[in-house]
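Counting starts at 1 for both ligands and their atoms, in listed order. Because the structure is a prediction, the values reported are computed rather than measured. Residues take their numbers from the sequence shown, with the count starting at 1.
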Amino acid sequence: MLPTMASYEVLVVEDEEDIAIPLVRTLEREGYAVASVSSGEEAIARVAGEMPAVVILDLGLPDMDGLDVCRQLRGGGYEGGIIMVTARGGELDRVVGLDVGADDYLSKPFGLAELLARVRALLRRNARTDETSVTTASGLKIDVPSRRVTLEGVEIALTAKEFDVLALLAAHRDHVVSRDTLMNQVWDENWFGSTKTLDVTIGRLRGKLEAAGAMERVVAIRGVGFRLETGG
Ligand code: CA
């Protein structure tokens, strides 16, 4: 059976509802697609199948030690971002957290603005590592070093922003990339303009892919973002 593809970017692993609920709400308000679970076992099962971009992992879980959860996620090949959250007083040393494969570490109580900044930083870092060339099964080649897109050897001329949007969607193909992530990574985090710019860019990109006869389609997921799919 194929794994279910994540329809969200951030997985919150937290058993305390008083913390989990406002956290999820804040992330959603920022435009992220979020899922949440309350145990280590659920976290491991979902991350393995769904590969979210970032996991926010509480260390004090009812069924497992968060450190073991982190170790198992990395052991299972998870390469996304992991932010560990620990109670005040430090259940562990920061070094231990980083040692088991976490990328970042926050102590409770933490400000939501601080958490959002860490999530953004991890998503940006992931996008950079994701900047690899992609060739889809239907022959669409997105070459990052030369910034050229070809379909069976024929170039599809894209603007710089159209290329960046396509490269980001292709790096996460079949997964949803939120509007916020696209805006932050293709424009920049200080972009305060209208997100209409994104829709216009997506519209042009769709038109060019279609005109070239590509089987890839940029599908809008209402209220969340966009996903690159290969049609049949
Ligand atoms: Ca807890």
Side-chain angles (χ1 to χ4, degrees), residues 3-127 129 172 175-181 184 189 221 223-225:
T4 321
M5 292 301 180
S7 55
Y8 59 90
E9 297 171 287
V10 182
L11 180 68
V12 172
V13 187
E14 171 64 77
D15 58 307
E16 284 162 76
E17 285 196 347
D18 291 354
I19 294 172
I21 292 169
L23 192 53
V24 168
R25 202 175 291 146
T26 302
L27 288 161
E28 283 175 346
R29 209 159 35 218
E30 282 294 299
Y32 297 110
V34 188
S36 90
V37 294
S38 57
S39 72
E41 206 175 310
E42 288 171 280
I44 289 164
R46 293 197 61 166
V47 169
E50 301 169 358
M51 294 284 175
V54 173
V55 177
I56 298 173
L57 177 64
D58 180 37
L59 282 188
L61 294 168
D63 60 331
M64 284 176 76
D65 183 332
L67 287 176
D68 287 331
V69 175
C70 189
R71 249 185 232 113
Q72 289 198 34
L73 293 180
R74 293 305 188 206
Y78 176 64
E79 292 177 349
I82 299 178
I83 300 175
M84 275 190 172
V85 177
T86 183
R88 199 220 292 262
E91 287 164 21
L92 89 166
D93 193 82
R94 182 188 177 93
V95 178
V96 177
L98 300 179
D99 216 44
V100 295
D103 297 288
D104 212 333
Y105 176 95
L106 274 174
S107 300
K108 288 178 189 170
F110 53 82
L112 291 170
E114 176 66 19
L115 179 87
L116 289 174
R118 309 281 181 102
V119 169
R120 244 180 248 127
L122 279 180
L123 287 172
R124 268 203 302 279
R125 186 206 66 184
N126 287 354
T129 2
H172 299 273
H175 292 238
V176 181
V177 180
S178 74
R179 302 179 67 91
D180 186 60
T181 298
N184 282 343
E189 62 181 314
I221 310 300
V224 182

Any sub-3.5 Å donor-acceptor pair from [X]'s side-chain atoms to [Y]'s backbone N or O?
{"X": "Glu114", "Y": "Gly111", "value": "no"}
{"X": "Asp63", "Y": "Gly40", "value": "yes"}
{"X": "Asp15", "Y": "Ser38", "value": "no"}
{"X": "Tyr105", "Y": "Thr86", "value": "no"}

Legend entry - Ile56 side chain near Arg118 side chain, heavy-atom distance below 4.5 Å: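 Not in contact.
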Inset, instruction - Answer yes when Asp180 and Arg120 have at least one side-chain N-carboxylate O distance shorter than 4.0 Å, and no when they do not. - result: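 Looking at Asp180 and Arg120, the cut-off is not met.
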Legend entry - Protein N, O or S within less than 3.0 Å of the Ca ion (ligand 1), waters excluded: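 Metal shell, protein only: Asp15 OD1, Glu16 OE2, Asp58 OD2, Gly60 O.
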